[in-house]
Amino acid sequence: GAEGPTLMSYFSKNQIKALKPKITFSTLRDLQCPVLQSNELQGKPDESCSAEELFEWLGAVLNQVSLDNKSSSFLSTYCCPQPSTIVEKAFLCTITGFIIPETIIQLLEQLCCYFGEPKLAYWLTLTVHGFADSPVSWRESEHGFHKGGENLYNFVIFRNLDYWLQMAVGTNDDCPP
C-alpha cells in the first residue's frame, strides 16, 4: 500500500535487510531406518517401531549422531530401534531461517504429492523447529525458553496418506490444544 515506500526507507536507513532461508541438501547412504506401521503408534514387537522410538531416532539422524552402536571415546551409544531396515538412499533437506506457516503447509502438501507416483519409500517426515527464544505460547502460559526452549513438531506421512503428528514443548510450557 501507500506505506510501502516509507517502510522500505526505514529499513534501508537502519541497515536492516531481508535474509533468505538457507537450504541444504544431503544424501544419507545405507541408513538404518525403523520399520513403521501407520496404524501402530505404540509399535509391535518384531513388527514395527513406536512413534516415540521414531522421534528419538529422527533426532539422532538430524543431529548426525552415529547409529552404529560402537563405543569410542564417549560413554553412551545409540542404535536404530528394532525392527529396522537399511535404506540405500535417504534425502535430507534442511531449511534454516524464518519460515511462515503458509510455506510449511506448501511443503507438507508437496510431500504428500510424493506418494502420487509409485515410490519405494513407505513414509517420510517434515520436522519444524521453532527458535528457542521465539514468543510462542499455548493457551495462557508464557513460553519457557529459559528452561530449554523446546518448540517443535513433526509430521510422519505414510504412503496411504495417514499421518502421525508429534509435538514437543518445554517442561514449563502447556501442550498445544
Item to complete: Mind telling me whether Tyr163 and Phe155 have parallel, tilted or perpendicular rings, with 30° and 60° as the class edges?
Response: tilted
Worksheet item: Taking everything shown except Gln82 itself, do over 12 heavy atoms lie less than 6.0 Å from its CD?
Response: yes
Worksheet entry | Other residues, nucleotides, ligands: >12 heavy atoms within 6.0 Å of Tyr122 OH |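 No, not enclosed.
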Donor-acceptor list for residues 20-48 side chains, cut-off 3.5 Å, not counting sequence neighbours:
unit_1 : atom_1 : unit_2 : atom_2 : d
Gln32  : NE2    : Ser84  : OG     : 2.8
Ser38  : OG     : Asp162 : OD2    : 3.3
Ser48  : OG     : Lys44  : N      : 3.3

Worksheet entry | Gap separating the CG atom of Leu152 from the CZ atom of Phe55, nearest 0.5 angstrom |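 Spacing of CG (Leu152) from CZ (Phe55) equals 4.5 Å.
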Worksheet item: Once you round to the nearest 0.5 Å, how far does OG1 of Thr125 lie from CG of Leu62?
Response: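 Result: 6.5 Å between the selected atoms.
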Practice prompt. Report the C-alpha separation of Phe115 and Phe158 in whole Å, then their side-chain angles, then the decisive distance to 0.1 Å, and conclude whether the side-chain contact (heavy atoms from CB on, under 4.5 Å) test is met.
Written response: CA-CA 8 Å; Phe115 293 117; Phe158 294 90; over 6 Å; no
Worksheet item: Among Leu58, Leu54, Leu126, Leu165, which one satisfies side-chain contact (heavy atoms from CB on, under 4.5 Å) with Val156?
Response: Leu54
Discussion item. Restricting to salt bridge (Lys or Arg N to Asp or Glu O under 4.0 Å), what partner residues turn up for Glu117, sequence neighbours left out?
Written reply: Lys119
Discussion item. Membership question, hydrophobic clusters at under 4.5 Å side-chain separation (ILVMFWY): are Val87 and Ile157 in the same one?
Written reply: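 No, no single cluster joins them.
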Worksheet entry | Single-linkage hydrophobic cluster, 4.5 Å side-chain cutoff, Tyr114 and Leu161 together | yes
Worksheet item: Under a 4.5 Å cut-off applied to non-hydrogen side-chain atoms, are Leu107 and Ile95 in contact?
Response: yes
Worksheet entry | Heavy-atom pair with the smallest gap, counting every atom of Ala51 and Trp164 | CA-CZ3, 3.5 Å
